[in-house]
K.L.:
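What follows is a single structure, and I will ask about it in a moment.
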Amino acid sequence: AGLTVGTLPDIKFLAKAKAVFAILIPGPVLLIEGHAGIVSLGDNYIFRVLAVIDPGSGTFLMNISATYNYPNDSGDLLNAQGAVEAFFSTADPDDWHIYLGEESPDSKRIRAQILSFFTAKTYLMIDKNGLKMGVWIGYSLNEKYGILKVVLNAWIDGKLQLSTMPFQAAGSLTLYGNAELSAGPV
């Protein structure tokens, strides 16, 4: 079954959502998949949601991802994306997690790029073993201007990990910078 809901002021959607509900057999497994947009035009949806409820195995999984570009399609001023995932199991109460981004791979971190200049990436992962969090903020340029090649890199990276059994804490902070200028044949 499917459902589409939205507002329509001035022939543009202020808020809109599409959802599909499915029951998979054998199982049964309930699958809910949807898209939602707030102050969006055309067919662009900011949020995507996937929820899977499996009573047979006693599990619940939900993932909400978001992508936002400003201006709308180009994202020249701001491009942000990320995902939140929650998993719970009634069969094994120790089998659960809540992730706001993920440490690896790097593409699963919550990310924002501002003015196509600075990039920021972050994650927060919580499960029965503890907490992991990190942030990376930096700038990278590798361009050729005629016979000149310019390379600029600068970033800061911070990580923290807390373990609950036994209680332990670890962290790191890294600051990096590099500048290169070279000339060569065209």
Side-chain angles (χ1 to χ4, degrees), residues 15 33-51 61-88 95-186:
E33 196 267 344
H35 310 278
I38 302 172
V39 191
S40 58
L41 307 174
D43 293 329
N44 296 334
Y45 290 90
I46 296 173
F47 301 101
R48 293 184 178 271
V49 178
L50 174 65
L61 172 70
M62 177 178 265
N63 182 291
I64 302 171
S65 62
T67 301
Y68 181 75
N69 291 315
Y70 185 82
N72 282 342
D73 293 329
S74 69
D76 289 338
L77 294 178
L78 174 65
N79 174 290
Q81 59 192 24
V84 176
E85 179 179 290
F87 175 81
F88 301 96
D95 189 11
W96 65 273
H97 67 258
I98 300 172
Y99 297 158
L100 282 78
E102 294 183 42
E103 180 179 19
S104 63
D106 194 60
S107 61
K108 288 195 170 189
R109 293 183 181 192
I110 296 172
R111 186 185 70 77
Q113 190 168 24
I114 303 164
L115 296 173
S116 300
F117 189 73
F118 282 103
T119 301
K121 303 174 190 176
T122 188
Y123 62 91
L124 172 64
M125 301 171 64
I126 305 170
D127 61 24
K128 72 170 185 152
N129 298 316
L131 171 142
K132 282 184 183 181
M133 61 191 299
V135 64
W136 183 97
I137 301 171
Y139 169 75
S140 182
L141 173 73
N142 189 345
E143 295 288 332
K144 286 194 89 174
Y145 302 100
I147 63 168
L148 290 177
K149 180 180 178 184
V150 178
V151 177
L152 294 171
N153 294 298
W155 50 263
I156 186 167
D157 182 42
K159 296 179 181 179
L160 174 66
Q161 182 172 354
L162 300 175
S163 176
T164 55
M165 290 189 191
F167 179 76
Q168 295 179 349
S172 68
L173 183 64
T174 305
L175 181 62
Y176 174 83
N178 177 43
E180 297 177 28
L181 179 63
S182 60
V186 178

K.L.:
Keeping Arg109 on the side-chain end and Glu103 on the backbone end, is there a donor-acceptor pair under 3.5 Å?
P.N.:
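It does hold such a pair.
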K.L.:
When rounded to the nearest 0.5 angstrom, what distance separates OG1 in Thr119 from CD in Gln113?
P.N.:
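Thr119 OG1 to Gln113 CD: 4.0 Å, rounded to 0.5 Å.
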K.L.:
Working to the nearest 0.5 Å, report the span between CG of Leu131 and CE of Met125.
P.N.:
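So the gap between those two atoms works out to 10.0 Å.
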K.L.:
If you round to the nearest 0.5 Å, how far is NE2 of His35 from OG of Ser65?
P.N.:
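Rounded to the nearest 0.5 Å, the OG-NE2 separation comes to 9.5 Å.
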K.L.:
Residues two or more places apart in sequence or in another chain: which of them pass salt bridge (Lys or Arg N to Asp or Glu O under 4.0 Å) with Arg111?
P.N.:
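If we apply the salt bridge (Lys or Arg N to Asp or Glu O under 4.0 Å) test to Arg111, skipping adjacent residues, there are no hits.
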K.L.:
Can you see which heavy atom on Ile110 is nearest to which on Ala83, and at what distance?
P.N.:
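Smallest heavy-atom distance, with atoms named: CG1-N, 4.2 Å.
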K.L.:
If you round to the nearest 0.5 Å, how far is OG1 of Thr122 from CG of Leu100?
P.N.:
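OG1 of Thr122 is found 8.5 Å from CG of Leu100.
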K.L.:
Taking the ring centre of each residue, are Tyr123 and Tyr99 less than 6.0 Å apart?
P.N.:
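For Tyr123 and Tyr99, the ring centres are not under 6.0 Å apart.
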K.L.:
Under a 3.5 Å distance rule, please check whether Thr67 uses its side chain to pair with a backbone N or O of Ile46 as donor and acceptor.
P.N.:
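Checking the backbone N and O of Ile46 against the side chain of Thr67, no donor-acceptor pair under 3.5 Å is found.
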K.L.:
How would you list, by chain and number, every residue that makes a ring pair (Phe, Tyr, Trp, His ring centres under 6.0 Å) with Phe47, sequence neighbours excluded?
P.N.:
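Partners of Phe47 by the ring pair (Phe, Tyr, Trp, His ring centres under 6.0 Å) criterion come out as none, since no residue qualifies.
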K.L.:
Which heavy atom in Met62 sits nearest to a heavy atom in Ala51, and how many Å separate them?
P.N.:
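It is CE-CB, 4.0 Å.
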K.L.:
Give the C-alpha distance, both sets of side-chain angles, the deciding distance and a yes or no for side chain to side chain contact (heavy atoms under 4.5 Å, CB included) between Leu115 and Leu77.
P.N.:
CA-CA 4 Å; Leu115 296 173; Leu77 294 178; 3.3 Å; yes
K.L.:
Could you give all pairs that pass the salt bridge (Lys or Arg N to Asp or Glu O under 4.0 Å) test and reach residues 146-156, with sequence neighbours left out?
P.N.:
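Applying salt bridge (Lys or Arg N to Asp or Glu O under 4.0 Å) to every pair that reaches into residues 146-156, excluding sequence neighbours, yields nothing.
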K.L.:
To the nearest 0.5 angstrom, please state how far the CG atom of Asn142 sits from the CG atom of Asn153.
P.N.:
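Rounded to the nearest 0.5 Å, the CG-CG separation comes to 7.5 Å.
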K.L.:
What pairs with Lys108 under salt bridge (Lys or Arg N to Asp or Glu O under 4.0 Å), at least two apart in sequence or on another chain?
P.N.:
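For Lys108 the salt bridge (Lys or Arg N to Asp or Glu O under 4.0 Å) partners, ignoring immediate neighbours, are Glu102.
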K.L.:
Mind listing the side-chain donor-acceptor pairs of residues 155-172 below 3.5 Å, one per line with the distance, residues two or more places apart or on another chain?
P.N.:
{"residue": "Ser163", "atom": "OG", "partner": "Pro166", "partner atom": "O", "Å": "3.4"}
{"residue": "Thr164", "atom": "OG1", "partner": "Lys128", "partner atom": "O", "Å": "3.2"}
{"residue": "Thr164", "atom": "OG1", "partner": "Asn129", "partner atom": "O", "Å": "3.4"}

K.L.:
Do the non-hydrogen side-chain atoms of Glu85 and His97 ever get within less than 4.5 Å of each other?
P.N.:
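In short, these two side chains touch, coming nearer than 4.5 Å.
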K.L.:
Please list, chain by chain and in numerical order, all residues satisfying ring pair (Phe, Tyr, Trp, His ring centres under 6.0 Å) with Phe118, sequence neighbours excluded.
P.N.:
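With sequence neighbours excluded, Phe118 shows a ring pair (Phe, Tyr, Trp, His ring centres under 6.0 Å) to no residue whatsoever.
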K.L.:
Give me the ring orientation class for Trp96 and Phe88: parallel if the planes are under 30° apart, tilted from 30 to 60°, perpendicular past 60°.
P.N.:
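Parallel, since the angle between the ring planes stays under 30°.
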